[in-house]
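Take a look at the structure below.
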Amino acid sequence: MSDSDGALDATRQSPLHERHVALGAKFAEFGGWSMPLEYPAGTVAEHTAVRSSVGIFDVSHLGKALVTGPGAAAYVNETLSNDLGKIRPGKAQYTLCCDESGGIVDDLIAYYHDDEHVLLVPNAANTGEVVRRLREQASDGVQVLDHHEEYAVLAVQGTRSDEVLAALGLPVGHDYMSFEEADYDGTGIVVCRTGYTGERGYELIVGNEAAVDVWDRLLEAGQQYDVQPCGLGARDTLRTEMGYPLHGQDISLDVTPNQARIGWAVGWKKERFWGREKLLAEKEEGPKRLLRGLLATGRGIPRPGMTVSLVADVPLCEVTSGTFSPTLRKGIGLALVPTMVAPDAEVGVDVRGRREIFQLVKPPFVDTSVRES
């Protein structure tokens, strides 16, 4: 983490970086980018704003890769896990880039524009690897263009997000996991009904040249709803409350979609996608571990790397994600628990030398507005 008056060394910066400095943000490194961790209001206040009204995040560190050319959509469908054939142009889909071993290279969102244009938004740290793998096997005519540093991504999240976007004349009210293209003062903006918080919301993909103006106007429009600029600390607590996995912690090359309980993002009936044979075999046999939720019965707060045990001194696994839930006012987490353990068992977590008891649960930990029409 850095102080609020500057960025971390040797990292990329968002086009909104100076705005964050002016707002007093504390910065941290995320996937090679210096991004706001929190603002002076603090992570809990930012989290609460999203759950109760509206918050605005700069997530410009996320990748942007365009697969284009004749057969582009078909190529994406033959490589990434989910079935693009189940959606139509104008829809978005959560999908996975898997290795032939079945491990997860990255999880990402695919925006299906048309048969010759699919926009992919991977995680910051994995963008280069996803682009490399797609380029390596692309047929003649299919191009994979890396636009990582050319566009900003702003996430407007919360029950008042529609009102904030409407004040800028941007489209609202479209279906969950769909997007519309809009003109904003001569600049094109993609308005996606997506997010990583569990609340109703939108993600805006906008060229760097217009990003500062859009950010300023979103904050201005949100003032009547007590909008908060939100850092990636709040994004983490919000996604953990939903049980959404984070690559590099809950999912990785060592974790498969079956183990992470995201097999719903795999097009099992497709004839081809990376990792298909290994994943089908594991699905048939049954995974030996599953990503499960941890809910504190006391005051313990789990953190990544803490040991999980069924009985004292007999380790089962480690916490992969863990935090204090501002909504529940207690500790929550995720862990890859062996399937031999009952899904509702009580387990212990070693919290700084003290064995705290947690209940295994199936996330999400909270009920939210994400799919409200």
Side-chain angles (χ1 to χ4, degrees), residues 73-88 91-112 118 120-123 126 129-130 133-134 176-177 194-196 198 239-294 308 316-321 332-345 360-365 368 370-371:
Y75 175 59
V76 168
N77 208 33
E78 291 173 357
T79 52
L80 303 187
S81 69
N82 215 334
D83 189 352
L84 207 60
K86 290 184 176 180
I87 64 172
R88 64 182 188 275
K91 298 285 281 185
Q93 186 180 67
Y94 180 79
T95 190
L96 306 165
C97 176
C98 291
D99 186 70
E100 291 298 353
S101 68
I104 301 170
V105 177
D106 200 19
D107 61 335
L108 57 162
I109 303 290
Y111 296 93
Y112 183 13
V118 180
L120 303 177
V121 178
N123 288 291
N126 301 324
E129 181 62 14
V130 170
R133 288 177 181 243
L134 287 168
Y176 180 58
M177 296 299 286
T194 50
Y196 196 46
R239 70 93 191 167
T240 304
E241 287 188 343
M242 292 302 295
Y244 294 158
L246 176 63
H247 196 280
Q249 290 185 196
D250 312 298
I251 55 177
S252 68
L253 271 172
D254 297 321
V255 181
T256 70
N258 296 315
Q259 296 166 16
R261 303 172 71 103
I262 48 176
W264 53 267
V266 178
W268 295 108
K269 294 182 180 179
K270 294 197 303 180
E271 293 184 0
R272 187 183 308 170
F273 59 87
W274 289 335
R276 180 178 182 273
E277 300 309 317
K278 291 283 188 180
L279 291 174
L280 280 170
E282 183 188 47
K283 183 173 183 281
E284 180 69 23
E285 182 181 347
K288 293 181 171 56
R289 57 181 183 170
L290 289 171
L291 191 66
R292 297 198 182 277
L294 302 167
V308 180
L316 274 178
C317 57
E318 291 185 349
V319 175
T320 54
S321 285
I332 61 171
L334 300 171
L336 286 156
V337 180
T339 50
M340 66 178 185
V341 179
D344 59 350
L360 292 183
V361 298
K362 184 178 180 180
F365 296 94
T368 64
V370 64
R371 294 179 184 272

Worksheet item: Regarding Tyr94 and Asp107, is there a side-chain donor-to-acceptor distance under 3.5 Å anywhere?
Response: yes
Discussion item. Does either side chain, that of Arg133 or that of Thr79, offer a donor lying less than 3.5 Å from an acceptor on the other one?
Written reply: no
Evaluate the side-chain proximity of [Y] to [X]: yes if any heavy-atom separation is below 4.5 Å, no if none is.
X      : Y      : answer
Leu360 : Leu294 : yes
Leu120 : Leu80  : yes
Leu336 : Leu291 : yes

Worksheet item: By side chain to side chain donor-acceptor pair (under 3.5 Å), which residues pair with Thr240, not counting sequence neighbours?
Response: none
Worksheet item: If you take all heavy atoms of Gln249 and Thr320, which pair is closest and at what distance?
Response: NE2-O, 3.1 Å
Practice prompt. Would you name the heavy atoms of Val308 and Ala335 that are closest together and state the gap between them?
Written response: CG2-CB, 4.4 Å
Worksheet item: Is a side-chain N or O of Asn77 found less than 3.5 angstrom from the main chain of Ala73, in a donor-acceptor match?
Response: no
Worksheet item: Between His247 (side chain) and Pro122 (backbone), is there a donor-acceptor pair under 3.5 Å?
Response: no
Worksheet item: If you measure from CD on Glu100 to CD on Glu277, what distance do you get to the nearest 0.5 Å?
Response: 8.5 Å
Response to the item:
One should read off an interatomic distance between Gln93 CD and Lys86 NZ, to the nearest 0.5 angstrom, of 8.5 Å
Worksheet item: Should we count NZ of Lys278 as having more than 12 external heavy atoms under 6.0 Å?
Response: no
Worksheet entry | The single option from Asn258, Val255, Val337 passing side chain to side chain contact (heavy atoms under 4.5 Å, CB included) against Arg289 | Val255
